[in-house]
Amino acid sequence: MPVIRLPDGSERQFEQAVTVAEVAQSIGAGLARAALAGKVDGQLVDTAYLIDRDASLAIVTERDADGLDVIRHSTAHLLAQAVKRLFPDAQVTIGPTVEDGFYYDFSYKRPFTPEDLAAIEKEMAAIVKQDLPVSRQVMERSDAIQYFKGIGEAYKAQIIESIPSNEPLSLYTQGEFTDLCRGPHVPSTGKLKVFKLMKLAGAYWRGDANNEMLQRVYGTAWTKKDDLDAYLHRLEEAEKRDHRKLAKQLDLFHQQDEAPGMVFWHPRGWVIWQAVEQYVRQVYREGGYQEVRGPQIMDVTLWKKSGHWDNYQDNMFFTESEKRTYAVKPMNCPGHVQIYNAGLHSYRDLPIRYAEFGGCHRNEPSGALHGIMRVRAFTQDDGHIFCTPGQVETEVTAFHRQAMQVYSDFGFSDISIKLALRPEKRLGTDAEWDRAEEALRAALRAAGVEWIELPGEGAFYGPKIEYHLKDSIGRAWQVGTIQYDPMMPERLDASYIDEHSQRQRPIMLHRAIVGSMERFIGILIENYAGAMPLWLSPVQAVVMNITDAQAEYAKNVVGILKKQGFRVQADLRNEKITYKIREHSLQKLPYQLIVGDKEMAAGLIAVRTRQGEDLGQMPVEALLARWQDEMTRRV
RNA sequence: GCUGAUGUAGCUCAGUCGGUAGAGCAACUGAUUCGUAAUCAGUAGGUCGGGUGUUCGAUUCACCUCAUCAGCACCA
């Protein structure tokens, strides 16, 4: 005789065990129709779930976030069913939900084509129309393995074999299609109305490149058509922010076939670079770093000593001369250690902080290249702190604070922090790793931030804190990092003299805030959609005349603004003012300054902002004051 | 690196079921001197990513290759 407590606090008593669907029915027919799943004592279940005890229950409909998730998950099953109908010898594997949608991986003798995709989507619609009921059954592990092997689903059988034996296995059936799944699912396929298959891709079975490549179909699903349209519109808008597209439009940089993964910076792009570089240089100074510069290539023996050759030789560039092999540096740390080692250091000198805008080359796999976000030649705002073990926490905490300030100054608020822990292939003992990981945790704790731990993702020489930012379509990219490294000093024989005149190994902290200048600028461009704030704008304003009569006056205005250090150009072309305004608007200039006869006569300028706002006439000094303010506030 | 897609003028794209290519914008020339997102007219511009093959003939078909894009794997 279960008593069911509903979200509004009311309670209902039933004579015997009831299903979620029956409870919904008892409340109202409309709710029963809308029910997609239930939440019993906080656990998400099917509408067919039988409640035989006192419990709290929330009926999950498409209005709930959980409801949308169930819909997406069920749509993945719908996709799988359609594929099995059209391609009976395709095998199903996994089909989870992801942000904004879902995917399903299939094993098939040939890749799916875009035409297949259209056919599959059509078949999905047909299954929805059939409104097949979805039912759940629990099966013994061995029976389930038997069952899936029997219907030729080898991958499913493999999945079951890897599930711990104490977990019950549930199977979901809709029409002729049965899939292993934890659930829950919608009660019938008719509930799935708004979906779209988005793209085809390859994906390795179990995420391992040694395994077979499966065919992955990505889809999106929503509760309302409007939501789908809004989502598609959002994607379109995001694509307009693509840094590669904007770089072309705004003439910032280009890349070409002869130099894959390299960047040709154009004058306007290089202005942004310089603005970022000068800013970071100031950060170095404030953080107590000394800027240094190491060589671009060094004998390969050094890289063998450091351990990089063992771990990364396939991804390094080499060059030869007079029977010596040199490695083009993929990192700056060995160079910095050489600089450190060139002198003798007392414990009193520590921490010693070196920094460099270090140009690195890494032969990244071709498929990894991505605009300027992932390149083969890049520049790190790389720094290395040589310190005693006791100084680590303070240094890491100070770094963290500084990094967060930098991100904030560049207009970023959505930063995710990760802690990457010991990888399989690593140097050093477990005790050293315990110490290293705990030191970073302690620093994060002291900083009072939340972080996600990533087991197995650390560098071969130590664990690292990572700072990630998102690009325009939501892909996360690592920018900053700080890494605890007791190994490199050991390998490259760095030391300091302690208070007892004994040689000691310093701890080395590798750190970067923007990470790769290229990547960071790429993300910056996407973040601002190319409309850079005044302090980063390649051209901060253009002064344009209405007719030739004001040409000299316009030149004078440009001269004054330039003298104050601003990046200002004249546009004296014999074009209509509307034409010029349109052009410079498309170039996303922060300010357009217009001078006609009226302004010339009064010694003023007419100011138009990037937002299209007309600030009216003002003296140049008033504009300068406004600009100074914007530069200081970095807006 | 793997799977798929794409590669045509500076840019955005069309096109050829095999007969050596076209638009808009940009550029150039001329006219226009016009006050807040496109003035008009004319001119010029491409060995259709590269290579090999099939063919009387290839930008179009086949194969190879390079690059780009999406995803996967990788990311010191």
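Every chain is numbered from 1 and lettered A, B, ... according to where its sequence line falls, protein lines coming before strand lines.
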>> Measuring only the C1' atom in each nucleotide, how far is B:C63 from B:A44? A whole number of Å is fine.
In response: 38 Å

> So what does A:Gln256 hit on the nucleic acid, given a heavy-atom distance under 4.0 Å: a base, only sugar-phosphate, or nothing?
Replying inline: nothing

>> Using a strict threshold of under 4.0 Å (side-chain N to carboxylate O), is an ion pair present between A:Arg206 and A:Asp208?
In response: no

>> Regarding A:Asp208, tell me which of base, sugar-phosphate or nothing describes its non-hydrogen contacts under 4.0 Å with the strands shown.
In response: nothing

> Is a side-chain donor-acceptor pair under 3.5 Å present for A:Asn315 with A:Glu364?
Replying inline: no

>> Considering every strand and a 4.0 Å limit on heavy-atom distances, what is the contact class for A:Thr578: base, sugar-phosphate, or nothing?
In response: sugar-phosphate

> Which nucleotide sits closest to the side chain of A:Lys199: B:G35, B:A70, B:A37?
Replying inline: B:A70

> Are A:Arg511 and A:Asp382 ion-paired here, with the side-chain N under 4.0 Å from a carboxylate O?
Replying inline: no

>> Checking contacts here: which listed nucleotide (B:U33, B:A67, B:C74) is nearest the side-chain heavy atoms of A:Pro260?
In response: B:A67

> Given B:C2, B:C74, B:C75, which nucleotide is nearest the side-chain atoms of A:Arg362?
Replying inline: B:C75

> Do A:Glu239 and A:Lys245 meet the salt-bridge criterion of a basic N to acidic O distance under 4.0 Å?
Replying inline: no

>> Between B:A27 and B:G46, how far apart are the two C1' atoms, rounded to whole Å?
In response: 15 Å

>> Taking only side-chain N and O atoms of A:Lys464, does any of them lie within less than 4.0 angstrom of OP1 or OP2 on B:A76?
In response: yes

> With rounding to whole Å, what would you report as the distance between B:G57 and B:A14 at their C1' atoms?
Replying inline: 24 Å

>> Measuring centre to centre across the rings, with the benzene-like ring taken for any Trp, is A:Phe112 within less than 6.0 Å of A:Phe87?
In response: yes

> Looking only at N and O atoms, is any donor in the side chain of A:Arg374 or the base of B:C74 less than 3.5 Å from an acceptor on the other one?
Replying inline: yes

> Of all the choices, B:C72, B:U39, B:A76, which nucleotide is nearest to the side chain of A:Tyr218 once you look at every atom?
Replying inline: B:C72

>> Of the options B:U39, B:C72, B:A76, whose atoms approach the side-chain atoms of A:Met213 most closely?
In response: B:C72

>> Is a donor from one side chain sitting under 3.5 angstrom from an acceptor on the other, for A:Tyr553 and A:Glu599?
In response: no

> Does A:Lys425 count as lying over the ring of A:Phe460, i.e. NZ or CZ under 6.0 Å from the six-ring centre, within 45 degrees of the axis?
Replying inline: no

>> Expressed as a whole number of angstroms, how long is the span from A:Gln313:CD to B:A76:C1'?
In response: 14 Å

> Could you write out RNA chain B as a dot-bracket string, with dots for unpaired bases, | for bases paired across to another strand, and Watson-Crick or G-U pairs counted at under 3.5 Å?
Replying inline: (((((((..((((.....[..)))).(((((.......))))).....(((((..]....))))))))))))....

> Counting any heavy atom closer than 4.0 Å, what does A:Asn210 reach on the DNA or RNA strands: base, sugar-phosphate only, or nothing?
Replying inline: nothing

>> I'd like to check, for A:Phe460, whether its ring lies over the base of B:A76 with centroids under 5.5 Å apart and a plane angle smaller than 30°.
In response: no

> What is the distance, rounded to the nearest whole Å, between atom CD of A:Glu583 and atom P of B:U39?
Replying inline: 10 Å

> Across the strands shown, which category fits A:Leu586 at heavy-atom distances under 4.0 angstrom: base, sugar-phosphate, nothing?
Replying inline: base

> Considering heavy-atom distances to RNA chain B, does A:Arg573 or A:Ser366 have its closest nucleotide positioned more toward the 5' end?
Replying inline: A:Ser366

> Can you tell me how far P in B:U36 sits from the matching atom in B:A23, rounded to whole Å?
Replying inline: 34 Å

> Nearest of B:C75, B:C72, B:C74 to any side-chain atom of A:Arg519?
Replying inline: B:C75

>> Centroid separation under 6.0 Å, is that true for the rings of A:Phe102 and A:Tyr104?
In response: no

> Out of B:A73, B:G71, B:U36, which has the shortest distance to the side chain of A:Ala606?
Replying inline: B:U36

> Looking at B:A76, B:G71, B:C74, which one has an atom nearest to any side-chain atom of A:Pro330?
Replying inline: B:A76

> Rounded to whole angstrom units, what separation is found between the NE2 atom of A:His584 and the P atom of B:U36?
Replying inline: 16 Å

> Can a salt bridge be assigned to the pair A:Lys329 and A:Glu356 using a cut-off of 4.0 Å between side-chain N and carboxylate O?
Replying inline: yes

>> Taking B:A37 as the reference, what is the distance to B:U60 when you measure between their P atoms (whole Å, please)?
In response: 47 Å

>> For a quick check, tell me whether the side chain of A:Glu258 and the base of B:G49 share a donor-acceptor pair closer than 3.5 Å.
In response: no

> Salt bridge check: are A:Lys580 and A:Glu575 linked by an N-O gap of less than 4.0 Å?
Replying inline: no

> Checking all strands, does A:Tyr461 fall into the base, sugar-phosphate, or nothing category for heavy-atom contacts under 4.0 angstrom?
Replying inline: sugar-phosphate

> P atom, B:C2 versus B:C64: distance in rounded Å?
Replying inline: 13 Å

> Of all the nucleotides listed (B:A37, B:A76, B:G35), which has the minimum atom distance to the side chain of A:Ile546?
Replying inline: B:G35

> Does any residue of residues 240-252 of chain A have a heavy atom under 4.0 Å from RNA chain B, and if so, which ones, in number order?
Replying inline: A:Arg244, A:Lys248

> Looking at B:A73, B:C34, B:A76, which one has an atom nearest to any side-chain atom of A:Ala209?
Replying inline: B:A73

> Checking only heavy atoms, does the side chain of A:Tyr204 share a donor-acceptor pair with the base of B:G1 at less than 3.5 Å?
Replying inline: yes

> Which part of the nucleic acid, if any, lies within reach of A:Glu599 when heavy atoms closer than 4.0 Å are counted: base, sugar-phosphate only, or nothing?
Replying inline: base

> Once you round it to whole Å, what is the distance between P of B:G35 and CG of A:Asp614?
Replying inline: 14 Å

>> Quick check on RNA chain B: between A:Met316 and A:Gly202, whose nearest nucleotide comes earlier from the 5' end?
In response: A:Gly202

>> Distance check, P atoms only: B:C74 and B:C13, in whole angstrom units.
In response: 33 Å

> Rounding to the closest angstrom, what is the interatomic distance between B:G18 and B:C61 at atom C1'?
Replying inline: 8 Å

> Please give, in whole Å, the distance from B:U33 P to A:Gln550 CD?
Replying inline: 14 Å

> What is the minimum heavy-atom distance between A:His243 and A:Gly522, and which atoms define it?
Replying inline: CB-O, 3.6 Å

>> Can you confirm whether A:Tyr231 sits close enough to A:Lys196 that some side-chain heavy atom of one is under 4.5 Å from a side-chain heavy atom of the other?
In response: no

>> What is the separation between atom CG on A:Asp257 and atom C1' on B:G51, rounded to the nearest whole Å?
In response: 15 Å

>> It should be established whether A:His370 places a side-chain nitrogen or oxygen under 4.0 Å from OP1 or OP2 of nucleotide B:A70.
In response: yes

> Looking for any heavy atom pair under 4.0 Å, which part of the strands does A:Gly371 touch: base, sugar-phosphate only, or nothing?
Replying inline: sugar-phosphate

> How many Å lie between CD1 on A:Ile94 and P on B:G71, as a whole number?
Replying inline: 17 Å

> B:A37 base to A:Arg608 side chain: any donor-acceptor pair below 3.5 Å?
Replying inline: yes

>> With a 4.0 Å cut-off on N to O distance, would you call A:Glu583 and A:Arg573 a salt bridge?
In response: yes

>> Do the side chains of A:Glu237 and A:Arg241 get close enough for a salt bridge, i.e. N-O under 4.0 angstrom?
In response: no

> Could you give the CD-to-C1' distance, from A:Gln215 to B:C2, as a whole number of Å?
Replying inline: 11 Å

>> If the cut-off is 4.0 Å, is A:Arg376 near the phosphate of B:C75, judged by side-chain N/O to OP1 or OP2?
In response: no

> Contact class for A:Gly207 vs. all strands (heavy atom < 4.0 Å): base, sugar-phosphate, or nothing?
Replying inline: sugar-phosphate

